[in-house]
Amino acid sequence: MAQSLAMRGDDMCFPTYRLAGWLIARDYPLLDMVNQIFSNAHDPLKGRQLPILYSARKYGFYTISGNLGSRFGHAVGWAMASAYKGDDKIAIAHVGEGTTAEGAFHEALTFAAVYQAPVILNVTNNQWAISSFQGIAGGEETTFAAKSIGYGVPGLRVDGNDFLAVYAATQWAAERARANHGPTLIELFTYRVAGHSTSDDPSKYRPKDDAAAWPLGDPIERLKQHLIRIGQWTEERHTQLGAELADAVRTAMKEGEAVGAHGKSKPDPASMFEDVFKAPDWRLDEQRKELGL
Ligand SMILES: Cc1ncc(C[n+]2csc(CCOP(=O)(O)OP(=O)(O)O)c2C)c(N)n1
């Protein structure tokens with residue numbers, strides 16, 4: 001995940017559900033991810049979030065929300081607070097192109113522009129919002145990058161399947177933000193080859209061979225070819241790495257299952273009364289006692 005590597009450890013990412021790569025690129029433990037998915041006794045989020053809606057402050061990863069677009073405004077607010085405190089930490093946020101049709105996207109851009117917030121706002125244009133194609137969000141009228149012009153914010157349109165281009169664009173926007181030159185909107189142009197989720201069947205709303213017509217290739221394959229060409233990588237090492245990673249995922253799954261899957265182990269119910277207020281609150285204390293916890 002190029003952006004995760006281009007940002008500083010103390011910056012903050014306001015992600016969507018498609019950003020697990022951020023955590024993996026920063027060596028977040030796979031087992032913690034699996035335990036979160038299972039909501040088991042070792043779930044770092046104590047069963048309080050939907051599966052895959054990770055949160056990891058130490059890894060610069062703000063909690064994901066199922067409410068599309070809600071992170072854009074949070075990122076701008078966080079970035080404004082950082083600037084207000086005289087800090088040089090910056091924020092980066094993501095939405096899909098479908099989500100640009102939500103008010104939250106436009107509100108966030110207005111605040112970002114007016115207050116020159118040190119933030120990078122990304123639109124991952126994978127061309128499909130479940131079964132709605134990008135035109136439903138205005139993608140046929142103009143590009144998503146060009147939407148920035150109306151707000152007076154620079155907009156970049158990047159080949160989202162080119163690792164190095166994404167890295168370079170992010171680094172450029174991060175330098176601008178850190179030097180107090182304000183926000184940048186980046187459109188990451190890509191294509192969603194698979195379904196929206198495992199319960200989605202894209203052949204119901206687009207031609208079965210649609211993915212074959214996509215000209216910009218697979219980002220991992222492209223980076224691999226580039227690295228081989230410059231003598232930094234080989235087919236053998238790539239195959240070996242693939243096997244190692246598959247093994248790491250299988251091992252984490254087994255370990256997570258051993259802790260507990262499908263409700264076999266759960267976070268301590270009494271923990272729901274923790275972390276709500278900074279100091280103990282008598283109302284919560286009464287509720288906890290009422291439940292005998
Ligand atoms: C406020 C809100 N409205 C609707 C949904 C239901 N929903 C979940 S994902 C999705 C499609 C999002 O498409 P896009 O923004 O293009 O992102 P992508 O999943 O393609 O990355 C929708 C409509 C939601 N989660 N939140």
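From a predicted model like this one, the values you see are computed outputs, not experimental measurements. Indexing begins at 1, ligand by ligand and atom by atom, following the structure's order. For the numbers below, each heavy atom of this structure counts, side chains included, while hydrogens, waters and symmetry mates do not.
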Query raised in the report: Which residue pairs pass the salt bridge (charged side-chain N to carboxylate O under 4.0 Å, His left out) test when at least one of the two sits in residues 183-194, sequence neighbours left out?
Result: Arg157-Glu187, Arg192-Asp200

Query raised in the report: For Pro15, does its backbone N or O pair with a side-chain atom of Arg71 as donor and acceptor, under 3.5 Å?
Result: no

Report summary line: Output for ligand 1, non-hydrogen cut-off under 4.0 Å, lists Tyr17, Arg18, Gly66, Asn67, Leu68, Gly96, Glu97, Gly98, Thr99, Glu102, Asn126, Trp128, Ala129, Ile130, His196

Tell me, do [X] and [Y] make a side-chain contact under 4.5 Å, heavy atoms counted?
X      : Y      : answer
Phe72  : Thr99  : no
Glu221 : Lys224 : yes
Gln3   : Asn122 : yes

Query raised in the report: Between atom CD of Glu257 and atom NE2 of His262, what is the distance when rounded to the nearest 0.5 Å?
Result: 6.0 Å

